[in-house]
Asker: 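One structure, pasted below without further comment.
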Amino acid sequence: MMDSELKLKDASLDEIAKVASDVIYQNKNEKKSLLIKDVSGNSGAKTFICFEGNIPKCIVKVKGNESIMNSHPNTFKRVSAATEILRSSGIAPPIVLHGSDFHIERSAGISVMEDFFHFDKKLAPPEKVAKLLAKLHSTPINWYQNLKKEFLEQDLNISSILKPMPSYAPCWCLPWSAFDTQMPVLGVGNPNTETAKKIFELEIKTGVYKKVMQCSAFFPTSEAGKREVVVHNDFKPDNILYDSETKELTAIDYDLVQVGAAILDFGLPYMMWLGSRFTNFNLSKDFIKSYLIESGLSSDDQNIRDMMLDCEINTIVAFPGLLANIYDA
């Protein structure tokens, strides 16, 4: 990895593409011009994919305006630590250039998204997606312990609400409970940071936060769902890539990665691409069975059904779910 003093905020697409080309082809006799596509979401950061023809070569991420996702030092510390452990575990693609306000990482392949709610079954059949999620959940978790302690010690009131909760309680999902930044990620788009802080303060003041966070009805009951693992928190078709050389899948977009109960990675899929709106019971069952097998866990019918029930319940507390709807209202 190289370091650079360059800045790319407010740079044109051509300027960004040239910087990417220079680093990708630095050891080549011929430097090719890269096509560039802006695929930025709503997180505040800008994301660009650079292509050689139809083949993605790298991803450029440029810091954007302040938002909930990038305006707090705790977010930076968590994402940096998470990305490092995922890279060392061979899940995240390597960074090839660090600039003052950007970084460039090698592309892990092509998108497997058929549409926002479906995978391309040829590139990403359910069993391969299940294998990727199981691999992600096998990543070491010790990097998060001190961060979690640091986040909790910021506010004694929040700490008193969350500390009694078991490690598998959904309250530990950062986008949902926001105990790291006191700025929750909301279900219908993110407001400015000051509004998010005020909403969070109101939830604390009214007692709604405590009642929801401590509600044991939301707790997973399956042993598979309770396991403490590295949680992606945004595991969906547009965050999965296929490498045509290795034939393997890779997860990208680590803004929400943390450590928590494994079930936290199933509420969003059950609303988006794995639940009853987009598939059927048997397909969901087969996916959960594949995940349990790849995780080295018991995959008999009872364990599968227990896990599936936990998945359904977690749709309530996934970040586009219950508390986010309360915040939005």
Side-chain angles (χ1 to χ4, degrees), residues 68 72 74-75 77-79 81-82 136-137 139-187 196-197 199-235 255-271 295 297 306-327:
I68 292 171
H72 200 287
N74 284 346
T75 300
K77 284 189 285 188
R78 174 179 52 77
V79 174
L136 180 72
H137 287 177
T139 307
I141 63 174
N142 56 342
W143 60 274
Y144 189 69
Q145 185 176 356
N146 288 337
L147 285 177
K148 182 178 177 180
K149 181 180 178 182
E150 181 183 337
F151 297 162
L152 279 175
E153 289 177 349
Q154 295 176 118
D155 188 294
L156 293 178
N157 191 21
I158 297 172
S159 178
S160 67
I161 293 171
L162 298 183
K163 272 191 173 181
M165 297 297 99
S167 62
Y168 53 81
C171 68
W172 297 114
C173 182
L174 284 176
W176 183 48
S177 58
F179 68 90
D180 59 335
T181 65
Q182 285 80 63
M183 293 183 289
V185 175
L186 307 184
K197 290 175 183 176
I199 292 171
F200 188 81
E201 290 168 1
L202 184 60
E203 295 301 323
I204 297 289
K205 182 179 179 180
T206 58
V208 169
Y209 185 86
K210 180 176 181 178
K211 284 187 177 295
V212 175
M213 293 298 153
Q214 294 188 346
C215 182
S216 60
F218 298 145
F219 292 3
T221 60
S222 66
E223 292 306 311
K226 287 181 176 180
R227 291 173 307 133
E228 199 168 11
V229 301
V230 170
V231 175
H232 187 278
N233 259 330
D234 203 13
F235 196 82
D255 288 346
L256 300 174
V257 174
Q258 61 164 105
V259 170
I263 202 62
L264 296 180
D265 258 339
F266 286 88
L268 180 63
Y270 255 64
M271 288 186 290
S295 300
L297 302 171
D306 289 346
M307 180 73 168
M308 292 179 75
L309 180 58
D310 279 345
C311 292
E312 294 284 3
I313 292 172
N314 196 250
T315 64
I316 302 172
V317 296
F319 65 83
L322 175 67
L323 197 64
N325 287 330
I326 294 172
Y327 288 145

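No hydrogens, no waters, no symmetry mates; every other heavy atom, side chains included, goes into these values.
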Asker: Closer than 3.5 angstrom, by distance alone: can the side chain of S177 be matched with the main-chain N or O of C171 as a donor-acceptor pair?
Answerer: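 Looks like yes, one N/O pair under 3.5 Å.
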Asker: To the nearest 0.5 angstrom, please state how far the CG atom of D155 sits from the CG atom of D180.
Answerer: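 Reported to 0.5 Å precision, the distance equals 12.5 Å.
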Asker: Where the side chain of N233 meets the backbone of V257, is there a donor-acceptor pair that is under 3.5 Å apart?
Answerer: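 No, N233 side chain to V257 backbone: no donor-acceptor pair under 3.5 Å.
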Asker: Does any part of the side chain of N157, heavy atoms only, come nearer than 4.5 Å to the side chain of I204, both counted from C-beta?
Answerer: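 Side-chain contact under 4.5 Å: yes.
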Asker: Starting at CD1 of I263, measure out to CG of L309 and round the result to the nearest 0.5 Å.
Answerer: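 So the CD1 of I263 and the CG of L309 are separated by 9.0 Å.
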Asker: Would you say that E203 contacts K210 through its side chain, given a criterion of any heavy-atom pair below 4.5 Å between the two side chains?
Answerer: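 No; the side chains remain at least 4.5 Å from each other.
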Asker: When rounded to the nearest 0.5 angstrom, what distance separates CG in L297 from NE2 in H137?
Answerer: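 Answer for the CG-NE2 pair, L297 versus H137, is 11.5 Å.
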Asker: Can you pull out every side-chain hydrogen bond (donor to acceptor under 3.5 Å, both in side chains) where at least one residue sits in residues 158-174? Sequence neighbours excluded, please.
Answerer: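 Applying side-chain hydrogen bond (donor to acceptor under 3.5 Å, both in side chains) to every pair that reaches into residues 158-174, excluding sequence neighbours, yields nothing.
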Asker: Check side-chain hydrogen bond (donor to acceptor under 3.5 Å, both in side chains) between D306 and all other residues, then give those that pass, not counting sequence neighbours.
Answerer: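 Once residues adjacent in sequence are excluded, the partners of D306 under the side-chain hydrogen bond (donor to acceptor under 3.5 Å, both in side chains) criterion are Q302.
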Asker: Nearest 0.5 Å, what's the CZ-CG distance between F179 and L162?
Answerer: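 Nearest 0.5 Å value for the CZ-CG distance: 6.5 Å.
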Asker: How about N146 and F151: do any of their side-chain heavy atoms sit closer than 4.5 Å?
Answerer: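 No, every pair of side-chain atoms sits at 4.5 Å or beyond.
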Asker: Between Q258 and L174, is there a donor-acceptor pair closer than 3.5 Å when you use the side chain of the first and the backbone of the second?
Answerer: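 The answer is yes, because a donor-acceptor pair under 3.5 Å joins these two groups.
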Asker: Donor-acceptor check, side chain of Q214 to backbone of K211, threshold 3.5 angstrom: yes or no?
Answerer: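 Looks like no, no N/O pair under 3.5 Å.
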Asker: For L256 and R78, work out which heavy atoms get closest and say how close.
Answerer: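 Smallest interatomic distance, heavy atoms only, reads C-NH1, 3.4 Å.
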Asker: Could you go through Q154 and Q182, starting from their C-alpha distance and side-chain angles, then the distance that decides it, and tell me whether this counts as side chain to side chain contact (heavy atoms under 4.5 Å, CB included)?
Answerer: CA-CA 10 Å; Q154 295 176 118; Q182 285 80 63; 3.9 Å; yes
Asker: Measure across V230 and P140 and return the closest heavy-atom pair with its distance rounded to 0.1 Å.
Answerer: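 Taking every non-hydrogen atom into account, CG2-O, 3.4 Å.
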Asker: Under the rule for side chain to side chain contact (heavy atoms under 4.5 Å, CB included), what residues qualify as partners of K77, not counting sequence neighbours?
Answerer: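 Side chain to side chain contact (heavy atoms under 4.5 Å, CB included) check on K77 returns N74, L147, E150.
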Asker: Could you tell me the separation between the CD1 atom of I158 and the CD atom of E153, rounded to the nearest 0.5 Å?
Answerer: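 Going from the CD1 atom of I158 to the CD atom of E153 covers 13.0 Å.
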Asker: Looking at side-chain heavy atoms only, is the closest gap between D265 and L136 below 4.5 Å?
Answerer: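 Side-chain contact under 4.5 Å: yes.
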Asker: Judged by atom type as modelled, is there a donor-acceptor pair below 3.5 Å linking the side chain of T181 to the main-chain atoms of M183?
Answerer: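 Looks like yes, one N/O pair under 3.5 Å.
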Asker: Could you pull out every donor-acceptor pair under 3.5 Å between side chains of residues 219-227 and any protein atom, sequence neighbours left out?
Answerer:
| residue | atom | partner | partner atom | Å |
| --- | --- | --- | --- | --- |
| S222 | OG | G225 | N | 3.0 |
| S222 | OG | D310 | OD2 | 2.6 |
| R227 | NE | A224 | O | 3.0 |
| R227 | NH2 | Y291 | OH | 2.3 |

Asker: Step by step, would you call Y270 with N314 a side chain to side chain contact (heavy atoms under 4.5 Å, CB included)?
Answerer: CA-CA 8 Å; Y270 255 64; N314 196 250; over 6 Å; no
Asker: Can we call the ring centroids of F266 and F235 under 6.0 Å apart?
Answerer: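 Centroid distance F266-F235: not below 6.0 Å, so no.
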Asker: Within a strict 4.5 Å, meaning less than it, do heavy atoms of the D255 and D234 side chains meet?
Answerer: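 Counting from C-beta outward, D255 and D234 never come under 4.5 Å.
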Asker: SG/C215 to CD1/I316 distance, rounded to the nearest 0.5 angstrom?
Answerer: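 That separation rounds to 9.0 Å.
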